[in-house]
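What you see is a predicted model; the values in this text were computed from it and never measured. Heads up: numbering here begins at 1 and tracks the sequence. When reading the values below, keep in mind they use all heavy atoms of this one structure, side chains included, and skip hydrogens, waters and symmetry mates. Order of listing sets the numbers, starting from 1, for every ligand and every atom in it.
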Amino acid sequence: MNWQDYKGVIHVHSRYSDGSGSLSRIIGAANKAGLDYCIITDHHTLRHKEEGAEGWHNGTLTLVGEEISPPTNHYLALGIEKVIDSEDGTPQNYVNEVNRQGGLGFILHPASKGKRSLGLKERPWTAWEVKNFTGLELWSYMYDWLEPVNLLTLPYYVLRPEKAISGPDKESLRKWDELTQERRVVAIGSVDAHARRVIPLGIFEVFPYEQVFLTIRTHILTSPFNFNLAEDRRLLYSALRQGHSYISYDYLAPADGFKFETEEAIMGDEVEFSPHLTLTASSPQTAHLKLIFNGQVIKETEGTSIQLKPQAPGVYRLEAYLKGKPWVFTNPIYVRGG
Ligand SMILES: [Zn+2]
Ligand SMILES: [Zn+2]
């Protein structure tokens, strides 16, 4: 298979909910950032889709989903045709409705703590009993950035946002590792971009789309795009659904070409355990590579590749760090049987 690596951003708000940007501003920023795709997801609306926004715009495949956002338990619905209302539904209802429409869905900011000093409410995911969701938002730029921010440090972190970024929060990582013991659960990275002025100071725009689109991307691996909306939409969503994807903080360095695979499978896949199986990760540049087995580091090295012959079935994934900073988190390879 001729796997292509396409990078894009997921979870972008526009004027149609609480973001500040018009469609053309968002697309302009996506083009400038060199994104292969961009998925706009406003709260409780598919208005951009209804207005015909989906399609190829100067080299960026633009798609529209919805952020289903009751007070807690936010869910990102992609590939759906009709707006889904959370008013009368439990989380399982809207997860089911996304599936019924042939879409895929991701649990959002599962460990959100909010930020009282900035007027941001706590919005965690609490409904862990739900079944049949596709995956979760493991690394959100917005929430990672917010972590160390308070009224005093706000100006500093607005000017030096990279200083605030510390990787997916421990709680979400732990939860993901726990969930993948049961079944395949896809992790995505997101920006949750609003390009909004910060209340109460009202003087900073946090953050312009142009800036945020250079940060956390989800790279997908698929057969080549055809520059046809219907076909490429299917390819993109199918790659995300299967976890043929990795998250990368591309601001540190472009991760294009990063791989985690076996002889016959790639990240996101299930493979049969065999004594001949070899897991290989390769990086476009020297990094600290950590192989994780069932949530624990099993092997690590500084270099451009790492290999392991699994001794047991289980869930294997890879993390990469550049100068101590979190850079790449791949979806797992699920080694079954044995
Ligand atoms: Zn949300
Ligand atoms: Zn959001």
Seminar exercise, completed: Result, protein N, O or S atoms below 2.8 Å from the Zn ion (ligand 1), excl. waters, equals 3
Seminar exercise, completed: Among the N/O/S atoms of His13, the Zn ion (ligand 2) lies closest to NE2
Exercise. Taking only residues two or more places apart in sequence or in another chain, which ones pass side chain to side chain contact (heavy atoms under 4.5 Å, CB included) with His57?
Worked result: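 For His57 the side chain to side chain contact (heavy atoms under 4.5 Å, CB included) partners, ignoring immediate neighbours, are Ile27, Thr62.
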Would you say the side chain of [Y] lies within less than 4.5 Å of the side chain of [X], judging by non-hydrogen atoms?
X: Leu173; Y: Lys175; answer: no
X: Phe213; Y: Val12; answer: yes
X: Arg123; Y: Lys113; answer: no

Exercise. Between the main-chain N or O of Glu66 and the side-chain N or O of Thr41, is there a donor-acceptor pair closer than 3.5 Å?
Worked result: no
Exercise. Pick one: which of Leu108, Thr218, Ile39 meets side-chain contact (heavy atoms from CB on, under 4.5 Å) with His11?
Worked result: Leu108
